[in-house]
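What follows is a short report on a single structure.
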Amino acid sequence: MKKYTFRGGTHLREHKDTAGKQTERIPEPKTVSIPLSQHIGAPAQPVVSVGDAVKVGQVIGEVPTGLGCPVHASISGTVKQIVTRYNAMGAQIQNIVIENDFLHTLHESMVPYPKSPEETTCEEFIEVVRRAGISGLGGATFPTYAKLQSAVGKADRIIINCAECEPYITANHRLLVERGETVISGMELVMHALNLPEGIIAIEDNKPDAIAYMESRLEKRRQLGRPANIRVCVMKTKYPQGDERQIIYALFGKEVPAGKLPADVGCLILNAETASAISRAFWRGIPLVSRIVTVTGDCVREPKNVRAPLGTSARDVIEFCGGLTQTPKKMVSGGPMMGFAQWDPDMPVTKSTSALLLFSADHDKANTIHTSCIHCGKCVSHCPMHLMPNYLAQYAKAGDTERAQKMNVMSCVECGTCSYNCPAGVEIVQYIRVAKNAIRAAAKRLK
Amino acid sequence: MEDLKLQEQPASQEAPAPVAEMPPLLTVSPSPHARQGITTSHLMRDVIIALLPATIWGIYIYGLRAALVILFSVLSCVVSELLFQILLKRTVTISDCSAILTGLLLGLNLPPNVPFYVPIVGGMFAIIVVKQLFGGIGKNIMNPALAARVFLMLCWTNQMTGFPKEYTRLWWSADAVTSATPLASLKVGALAENFNLLDLFLGRTGGCIGEISVLMLLIGGAYLLVRRVISWQIPVAYLGVVALLTFLFPAGGADRLPYMVASLCSGGLILGAFFMATDYVTSPVTNGGRLLFGLGCGLLTFFIRRFGGYPEGVSFSILIMNTLVWYLDMAFKPHVYGIQRKKKGEKKA
């Protein structure tokens, strides 16, 4: 079988111990705290007030204009308070705290879309996706409706990203094995609405069961007489294969020009769970109110995948996973390579929480060694964007953004491969972020 | 009785898993939160391990005095680094093993019969002048061991170029009959009368402690290549160019093939190509740059050996190429993903 891959990157230690475990649904928590900004774009404004009764799937936050996703209640109950909390990046975000009545009353709007896919126009379909509050569930949380909009007329194929190249995370893997058909159904809907002739499911070769299952589902689909326009592409297991640009390069040998989007080279890329969420929204009317979270790390007693209502606190999730075996130093939301370290043990599960990783101080020890760059070139040979991270980091450290920019610092996708491989423990990507932010800030000032 | 039972229980049953509480606040840091775990000291240790066969061979050929020379050199490097960093109130970095490696390389680059002050002064020069004055590990522009070797050559030319005959096992005193080195004969094209090729390859010959056995050095080089500590570009380009040029232009009408093999196997060429030219700090980071770096080293070595005043050119060539690393890095920037390649005409505009 042909295996697709890209130049650069690195094979990480996988730690995918939860890959063989059935996803479990977490019991509904007593309260949820739902942040109104779980997506890229403008934060949503609350449309309920304290004391209101809310039902599962009811819109509690709306984005009136501009880019953004509505936010839905993930449990039924009463709005207890609307508070402002700091998120991991230090931004103040409004949270709606709902107390559970444990009745699980569904909102009236949660009904299948009345029209069949054939009758639904592209605009209507995108509106369905927008109203369901779906944003990219791979971790970047770009509103999916906006991605679809930008791809209309430009893209001629859809790629379902199930590379899941980050270590530890198995949420997409389990989704494919357990509910692979919903991913295909979501793909079909998008392909139909946007009139895309081709669909590809990209899976890394460390998930043979997922590959086999998806192949069997596609085979069944062909036997039913549906067009054979969806195929599985097996990718070599290498980080960061899940980066959109690397998927496109691996599959088609094409580069996405700097500053352009995958749609500009004819590709629409959606995360597997996003596709599944689209299917749920269309066929069953369920907005995005829960997601699969991989809970693991060396501090968790029973690592597993859970489906958690959005807004469930990390503490509740960890408790469901048997609690802690040792005191964690860090809690990472997302993968260890690009995820965000959280300071708040009660941090709510959001649309971006693909994993909750709990690492002890012992595990984190390697991150505390920092010496001088020894010019070994490992960052250069592993960089998937073919930059020279060692020089970029030096320029960033010296505040020389001009030279960093000349060496295409803005092309960096911040995957962290350089820092991972650095024997000297130089915080390469961290310095590069500093330079990128300084350049962005300077550009803003000029405007 | 009951107390005893309670105490015994955990042992008989499965040990209860420890329970831990969430701390009130967790540590926040930017991603990535994982590291591969190979550190600078691992890499340095690997190079030291790779040098051990050649070191042991040198000691076997020249006796314990060779070990003492290496020991003084290593000690001098480590102590210099320690004292310098303590005196200047800098972070002490001797635990990264780079000073040990510098000392070992310097020791291997010395004849076994040098007075003991030579490795000591050499170690101080390597660490203080070449490494620390430039800012410590990673900042030096030349390979410290090589620069120190050249410094010692200029200061004590006679001591540095008189090599005892092989199997002259010395102890404390350095009195030894020195013999002509293969390189000096190679310069004039005299070959077979003085030595045979197998002896050269195995290391049954005179020379610097670590240079003599090609076989042992190749074992070490192979170890580094397999462990991916070094990449093949520099040694292959370096040795390839020397091989090609000596094959095409043997001196004094010598036979091509033996002359080529003798040139490759004599002097510090193998040691230089695998262990000195590949020094991370003073070699380029891109594969293209590394190829050109090796090529330059090879050319310079050939020209110095053939036309220069010294019989050996490895140290000088590597040092000269060391100074060009920045330009080689800039000349061989990889093509960045998504950036349009400039056409040749555009570049100057």
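Just so it is clear: chains get the letters A, B, ... in the order the sequence lines come, proteins before strands, and each one is counted from 1.
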> Is any side-chain heavy atom of A/T371 less than 4.5 Å from a side-chain heavy atom of B/T93?
Replying inline: no
> Side chain, backbone, both or neither: which part of A/I318 has a heavy atom under 4.5 Å from chain B?
Replying inline: side chain
> Considering only heavy atoms, which portion of B/T278 lies under 4.5 Å from any heavy atom of chain A: side chain, backbone, both, or neither?
Replying inline: neither
> Tell me, side chain or backbone of A/C376 under 4.5 Å from chain B's heavy atoms, or both, or neither?
Replying inline: both
> Where does A/V265 contact chain B at under 4.5 Å (heavy atoms): side chain, backbone, both or neither?
Replying inline: neither
> Would you call the rings of A/Y391 and B/W326 parallel, tilted or perpendicular, where under 30° means parallel and over 60° means perpendicular?
Replying inline: perpendicular
>> Just so I know, are the side chains of A/F340 and B/V28 near enough to count as touching, which here means a heavy-atom distance under 4.5 Å?
In response: no
>> For B/D279, which atoms come within 4.5 Å of any heavy atom of chain A: side chain, backbone, both, or neither?
In response: neither
>> With a 4.5 angstrom heavy-atom cut-off, is it the side chain or the backbone of B/R290 that approaches chain A, or both, or neither?
In response: side chain
> Looking at A/M338, A/E427, A/Q430, which one forms a side-chain contact (heavy atoms from CB on, under 4.5 Å) with B/P32?
Replying inline: A/Q430
> Based on non-hydrogen pairs under 4.5 Å, which of A/A341, A/C379, A/A424, A/G259 is most in contact with chain B?
Replying inline: A/A341
> Any side-chain heavy atom of B/N287 within less than 4.5 Å of one from A/S381?
Replying inline: no
>> Quick check: do A/K330 and B/T27 have side-chain heavy atoms less than 4.5 Å from each other?
In response: yes
>> Quick check on A/F6: does its CZ atom have over 12 non-hydrogen neighbours (other residues, nucleotides or ligands) under 6.0 Å away?
In response: yes
>> Taking side chain as everything from C-beta outward and backbone as N, CA, C, O, which of these in B/L43 sits under 4.5 Å from a heavy atom of chain A? Side chain, backbone, both or neither.
In response: side chain
